[in-house]
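Below you'll find the structure, written out as structure tokens, and then a few comments.
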Amino acid sequence: QVQLVESGGGLVQAGDSLRLSCAASGGTFSYYALGWFRQAPGKEREFVAAISRGGGNSDYADSVRGRFAVSRDNDKKTVYLQMNNLKPEDTAVYSCAARRAILTAPMTRAQDDFPYWGQGTQVTVSS
């Protein structure tokens, strides 16, 4: 069973960049597909980005495509979310999530497909 710990959140201004990290322990990291989700105050948690086991496939929510980039380092057991040109509407708690997947598994945005979650890291973007 994998455990996930996010870091890298903070308070930034609109237009700034941040890189979130999610470090995994336990389990075999390369067996897991990973996702990033966020929850803004008073809103439902929503999908942000996902990456396949090997890192060759990724998926993004329309609201972040072109500004955010997800990547992973299987040797370091870490998944990253590079966030550029941040906007106030990106303010949220960002969480990473993992699911065991076969190599050919299709990408998914469904939160229920991810059984393992980190505690989240706060990102606040001021205007």
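Sequence positions, counted from 1, serve as the residue numbers for this chain. Heavy-atom basis, side chains included; hydrogens, waters and symmetry copies ignored.
- Arg99 contributes no side-chain N or O that, together with a main-chain N or O of Asp113, makes up a donor-acceptor pair within less than 3.5 Å.
- Counting only heavy atoms from C-beta outward, the side chains of Ser17 and Gln82 approach each other to under 4.5 Å.
- Enclosure of atom OH in Tyr116 by more than 12 non-hydrogen atoms of other residues, nucleotides or ligands within 6.0 angstrom is indicated.
- Residues Phe68 and Leu18 have side chains not in contact (no heavy-atom distance under 4.5 Å, counting atoms from C-beta outward).
- Here Phe47 sits in one hydrophobic cluster together with Phe37, Phe114, Trp117; the rule is ILVMFWY side chains under 4.5 Å apart, joined directly or through other members.
- Residue Ser7 holds its OG atom at 15.0 Å from OH of Tyr94, rounded to the nearest 0.5 Å.
- Residues Arg67 and Asp90 come closest through the heavy atom pair NH1-OD2, 2.7 Å.
- Ser95 pairs in a side chain to side chain contact (heavy atoms under 4.5 Å, CB included) with only one of the listed residues (Gln111, Glu6, Gln119), which is Glu6.
- Using a distance-only test at 3.5 Å, with no hydrogens or angles considered, no donor-acceptor pair links the side chain of Arg38 to the main chain of Val48.
- In terms of heavy atoms, Ser71 sits closest to Ile51 at CA-CD1, 3.6 Å.
- Here the CZ atom belonging to Arg53 is positioned 9.5 Å from the OG1 atom belonging to Thr28, to the nearest 0.5 angstrom.
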(request) Check the pair Lys87 / Val125 against side-chain contact (heavy atoms from CB on, under 4.5 Å), numbers first and verdict last. (result) CA-CA 6 Å; Lys87 304 176 180 180; Val125 185; 5.5 Å; no
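- In this structure, the side chain of Arg65 engages the main chain of Tyr60 through a donor-acceptor pair within 3.5 Å.
- Shortest non-hydrogen contact noted between Pro115 and Ala98 is CD-O, 3.2 Å.
- With hydrogens and angles disregarded, a donor-acceptor distance shorter than 3.5 Å links the side chain of Gln3 to the backbone of Gln1.
- Among all heavy-atom pairs drawn from Ala40 and Thr91, the shortest one is CB-O, 3.5 Å.
- Between the OG atom in Ser52 and the CD1 atom in Ile102 there is a gap of 12.0 Å [rounded to 0.5 Å].
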(message) side-chain contact (heavy atoms from CB on, under 4.5 Å), that's the test. Do Met83 and Val12 meet it? Break it down for me.
(response) CA-CA 11 Å; Met83 305 185 295; Val12 297; over 6 Å; no
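- No donor-acceptor pair under 3.5 Å is formed between the side chain of Arg45 and the backbone N or O of Val93.
- A cation-pi arrangement, defined by a distance under 6.0 Å to the six-membered ring centre and an angle within 45 degrees of its axis, is present between Arg19 and Tyr80.
- Between the CG atom in Asn74 and the CG atom in Leu34 there is a gap of 8.0 Å [rounded to 0.5 Å].
- Counting only heavy atoms from C-beta outward, the side chains of Trp36 and Cys22 approach each other to under 4.5 Å.
- Considering all non-hydrogen atoms of both residues, Phe29 and Asp73 come closest at CE2-O, 3.9 Å.
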(message) Between Asn57 and Met107, is the side-chain contact (heavy atoms from CB on, under 4.5 Å) condition met? List the steps.
(response) CA-CA 8 Å; Asn57 292 316; Met107 304 294 287; 4.0 Å; yes
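- For Val70 against Ser58, the heavy-atom pair with the smallest separation is CG1-CB, 3.8 Å.
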